[in-house]
Amino acid sequence: MAIAVSRDGHVATVTMDRPEALNAFDLEQLEALLAALRGLRDERDIRCAILTGAGAKAFAAGADIKRMAAMGPQEGEAFGRLGHAVADAIEALPQPVIAAVNGYAFGGGCELALACDIRLCSENAVFAQPEVTLGIPPGWGGTQRLPRLVGPGLAAELIFTGRRVGAEEALRIGLVNAVYPPGGLTDATRALAERIAANSPRAVRAAKSAMARAFAGEPKAGLATEIVLFASAFATEDQKAGMRAFVEKRKPEFTGA
Ligand code: DAK
């Protein structure tokens, strides 16, 4: 199963479970994740959710580049809309969502972590928005959510270069709230979730709902623009060149076509 959901008391844990591809998202996995999130929405007994990745290496290495390599603009747009729907579903869950980032969080993986309310990570976590190195811009909300979290200048540097951010830097720039040894992340995340779950669920939901207003209005227009720009990248030679190079394990040469 690509997505596993477990429940313990008032806490649900959603695990992206495709470790052989570092939990990269294909269409089926995204659909399963969306269904799992929508299922939690109506569970009154669940007061806090945790999103994490299976295995010791990755939270999620982003969208499945091997699948995306062959996509044209229409498929690209559909895939992008599904990724947006998942990120929106995380944000729209009435319960708080904590990302437990246990390794690589690249591209769409980083963007899903950005859509969570709180991010904790292990010392081996690595974050990146490497899309431009693949011939596409970020497409699941990174252009809107990363600047809000770390500030526009730093977000611009990270998105325009695609450079990797380790756990220590992630903590310093406010990308994560705390860093734990790899063996300690699960317990620490669980403890935080339980602390939240011990509070009034009604009050916590109301607080989350009110805080979402900080993300209403203009940023929604930004997200819509992002989908259109992302989809048009799938009509370019650079997208083909970037993704083909990843699949063939070599460096791409971009012409701008
Ligand atoms: N997709 C598919 N397969 C992936 C993958 C990915 N994103 N990441 C890793 N894998 C696969 C590798 O190909 C490899 O498979 P095999 O060769 O064994 O068959 C296996 O997972 C293990 O990976 P590595 O051998 O590469 O492991 P390493 O430890 O050497 O390196 C790495 C780990 C995370 C540094 C490396 O795997 C890597 O650079 N992966 C790519 C990460 C990346 O660039 N992610 C961003 C993807 S772009 C959309 C909007 C947004 C998006 C999509 C659509 N629309 C609006 C249409 C999202 C875009 C992205 O997320």
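Just follow the structure's listing: the first ligand is 1, and inside any ligand the first atom is 1. For this chain, numbers begin at 1 and follow the sequence in order.
Of the protein's heavy atoms, at least one falls inside 4.0 Å of atom 40 (N) of ligand 1. The nearest protein heavy atom to atom 47 (C) of ligand 1 is closer than 4.0 Å. The protein does not reach atom 26 (O) of ligand 1 closely, with no heavy atom under 4.0 angstrom from it.
Near Gly62, the atoms of ligand 1 lying under 4.0 angstrom from a non-hydrogen atom of the residue are 61 (O). Under a 4.0 Å criterion applied to the non-hydrogen atoms of Glu20, ligand 1 contributes the atoms 20 (C), 21 (O). Which parts of ligand 1 touch Gly108 is read off a 4.0 Å heavy-atom cut-off, strictly below it: atoms 60 (C), 61 (O). Below 4.0 Å from some heavy atom of Leu134 lie the following atoms of ligand 1, by number and element: 44 (O), 47 (C), 48 (S). When each atom of ligand 1 is checked for a heavy atom of Asp64 under 4.0 Å away, the hits are 1 (N), 2 (C).
A salt bridge links Arg81 to Glu77: one of the charged nitrogens lies within less than 4.0 Å of a carboxylate oxygen. Using a 4.0 Å cut-off between charged side-chain N and carboxylate O, Arg190 and Glu194 make a salt bridge. The pair Asp64-Arg18 meets the salt-bridge criterion, since a charged nitrogen lies less than 4.0 angstrom from a carboxylate oxygen. Between Arg145 and Asp88 there is a salt bridge, since at least one side-chain N of the basic residue sits less than 4.0 Å from a carboxylate O of the acidic one. Salt bridge status for Glu169 with Arg163: present, with a side-chain N to carboxylate O gap under 4.0 Å.
The protein non-hydrogen atom at the shortest distance from atom 56 (C) of ligand 1 is Phe230 CD2, 2.7 Å. Taking atom 59 (C) of ligand 1 as the reference point, the nearest protein heavy-atom neighbour is Ala63 CB, 3.7 Å. What sits closest to atom 44 (O) of ligand 1 on the protein, heavy atoms only, is Pro130 CG, 3.4 Å. The closest protein non-hydrogen atom to atom 10 (N) of ligand 1 is Ala21 O, 3.9 Å. For atom 31 (O) of ligand 1, the closest non-hydrogen atom on the protein side is Tyr104 OH, 4.3 Å. Looking only at heavy atoms of the protein, atom 37 (O) of ligand 1 is closest to Leu22 CD1, 3.7 Å. Closest to atom 38 (C) of ligand 1 among all protein heavy atoms lies Phe246 CE1, 3.8 Å.
The backbone and the side chain of Ala61 each have at least one atom closer than 4.0 Å to an atom of ligand 1 (non-hydrogen atoms only). The proximity of Arg81 to ligand 1, defined as any non-hydrogen pair under 4.0 Å, does not occur for either the backbone or the side chain. Here Ala24 has side-chain heavy atoms under 4.0 Å from ligand 1, and that is the only part of it that gets that close. Contacts between Val126 and ligand 1, counted as non-hydrogen atom pairs separated by less than 4.0 Å, are absent for every part of the residue. When non-hydrogen atoms are compared, ligand 1 lies under 4.0 Å from neither the backbone nor the side chain of Phe25.
In terms of polar-atom proximity, defined here as any N/O pair under 3.5 Å, Lys66 does make such a contact with ligand 1. Any N or O atom pair closer than 3.5 Å counts here, and Met68 shares no such pair with ligand 1. By the 3.5 Å distance cut-off applied to N or O atoms, Phe106 is not counted among the residues near ligand 1. In terms of polar-atom proximity, defined here as any N/O pair under 3.5 Å, Ile65 does make such a contact with ligand 1. The shortest N or O to N or O distance between Lys249 and ligand 1 is under 3.5 Å.
Ligand 1 lies out of reach of His84, whose nearest heavy atom is not under 4.0 Å from it. For Ala231, the heavy-atom gap to ligand 1 stays at 4.0 angstrom or more. Between Gly76 and ligand 1 there is a heavy-atom distance shorter than 4.0 Å. At least one heavy atom of Arg164 sits less than 4.0 Å from an atom of ligand 1. Using a 4.0 angstrom heavy-atom cutoff, Lys57 counts as in contact with ligand 1.
Looking at Asp26, its side chain does come within 3.5 Å of a backbone N or O of Gln29 through a donor-acceptor pair. Not a single donor-acceptor pair under 3.5 Å links the side chain of Asn177 to the backbone N or O of Leu120. A donor-acceptor distance shorter than 3.5 angstrom exists from the side chain of Thr161 to the backbone of Glu157, with no hydrogens or angles considered. Remark: the backbone N or O of Leu40 is paired with a side-chain donor or acceptor of Gln95 at under 3.5 angstrom. With hydrogens and angles ignored, the 3.5 Å screen pairs no side-chain donor or acceptor of Glu31 with any backbone N or O of Leu82. A donor-acceptor distance shorter than 3.5 angstrom exists from the side chain of Asn102 to the backbone of Gly55, with no hydrogens or angles considered.
No more than 12 heavy atoms of other residues, nucleotides or ligands shown are found within 6.0 angstrom of CD on Gln74. Within 6.0 Å of CZ on Arg250 lie more than 12 heavy atoms contributed by other residues, nucleotides or ligands.
Within the model, atoms CD1 of Ile90 and CD of Glu111 stand 11.0 Å from one another, a figure rounded to the nearest 0.5 Å. Atom CG of residue Leu93 and atom CG of residue Asp117 lie 8.5 Å apart, to the nearest 0.5 angstrom.
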- Glu28 and Arg67: salt bridge (Lys or Arg N to Asp or Glu O under 4.0 Å), yes or no, with the steps? CA-CA 11 Å; Glu28 297 74 26; Arg67 296 276 188 100; 3.3 Å; yes

- Message: Between Asp238 and Thr236, does the side-chain hydrogen bond (donor to acceptor under 3.5 Å, both in side chains) criterion hold? Intermediate values first, please.
- Response: CA-CA 5 Å; Asp238 275 1; Thr236 67; 5.8 Å; no

